[in-house]
Amino acid sequence: MGTHKVKIHLSNEQYELYCKVRKEYIELLDGMTEEERKRWFTKLLFRKAINFEKEIDGTIYCVTTHFNSQAKTSVFDRIERLIEQTEK
């Protein structure tokens with residue numbers, strides 16, 4: 001599987017919102033026991049892949065996902081890395 005780099009451009013307002021939400025999640029998780037965190041993350045997991053089509057301005061976009069149960073990073077880790085890349 002190849003590595004794909006995506007650069008996301010955020011406005012200052014969007015980046016501030018990201019930082020605020022990230023801080024809130026960290027504070028929320030810090031206040032939980034290990035068991036509470038496990039239950040919280042389990043509720044967030046997708047039970048099946050997301051697959052759909054969306055038409056925008058006459059173009060049909062097909063969205064499909066797959067999840068690697070052996071992955072060493074989470075979706076959250078990847079999003080964070082993408083956002084950090086935009087800061088460079």
Side-chain angles (χ1 to χ4, degrees):
M1 182 191 297
T3 301
H4 301 283
K5 293 187 178 184
V6 176
K7 191 168 191 169
I8 300 173
H9 297 278
L10 301 175
S11 67
N12 286 340
E13 183 178 317
Q14 290 168 324
Y15 182 71
E16 287 172 11
L17 176 61
Y18 159 76
C19 289
K20 178 184 175 211
V21 169
R22 180 177 164 199
K23 181 181 178 202
E24 289 172 358
Y25 274 109
I26 290 169
E27 289 171 355
L28 173 72
L29 294 170
D30 272 349
M32 293 181 183
T33 65
E34 183 178 346
E35 269 311 304
E36 289 170 330
R37 283 193 300 273
K38 286 179 184 177
R39 283 194 303 270
W40 188 79
F41 279 111
T42 299
K43 286 193 302 187
L44 291 177
L45 297 176
F46 297 107
R47 299 296 177 219
K48 59 182 179 178
I50 300 168
N51 300 298
F52 64 92
E53 292 181 359
K54 174 83 175 177
E55 183 176 347
I56 301 173
D57 295 331
T59 301
I60 298 175
Y61 296 89
C62 300
V63 178
T64 59
T65 59
H66 66 278
F67 300 97
N68 179 353
S69 61
Q70 305 299 315
K72 298 196 181 351
T73 60
S74 70
V75 171
F76 297 112
D77 295 330
R78 289 177 185 243
I79 291 171
E80 187 169 295
R81 277 200 317 272
L82 289 173
I83 291 173
E84 287 172 353
Q85 288 174 2
T86 66
E87 296 173 338
K88 295 179 183 177

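Values below: all heavy atoms of this structure, side chains included; hydrogens, waters and symmetry mates excluded.
Tracing side-chain contacts under 4.5 Å through hydrophobic residues (I, L, V, M, F, W, Y), one never reaches Tyr15 starting from Ile26; they form parts of separate clusters. Hydrophobic clustering, with ILVMFWY side chains joined whenever heavy atoms are under 4.5 angstrom apart, groups Val21 together with Leu28.
Within 6.0 Å of CG in Asn12 there are 12 or fewer heavy atoms belonging to other residues, nucleotides or ligands. When the shell of 6.0 Å around CD of Glu27 is examined, it contains more than 12 heavy atoms from other residues, nucleotides or ligands.
Shown here for Gln14 and His9, the closest heavy-atom pair between the two residues is OE1-O, 4.0 Å.
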Name every donor-acceptor pair, under 3.5 Å, that has one atom in a side chain of residues 31-38 and the other anywhere in the protein, sequence neighbours excluded.
| residue | atom | partner | partner atom | Å |
| --- | --- | --- | --- | --- |
| Thr33 | OG1 | Glu36 | N | 3.1 |
| Thr33 | OG1 | Glu36 | OE1 | 3.4 |
| Glu34 | OE2 | Lys38 | NZ | 3.4 |
| Glu36 | OE1 | Thr33 | N | 2.7 |
| Arg37 | NH1 | Leu29 | O | 3.4 |
| Arg37 | NH1 | Met32 | O | 2.7 |

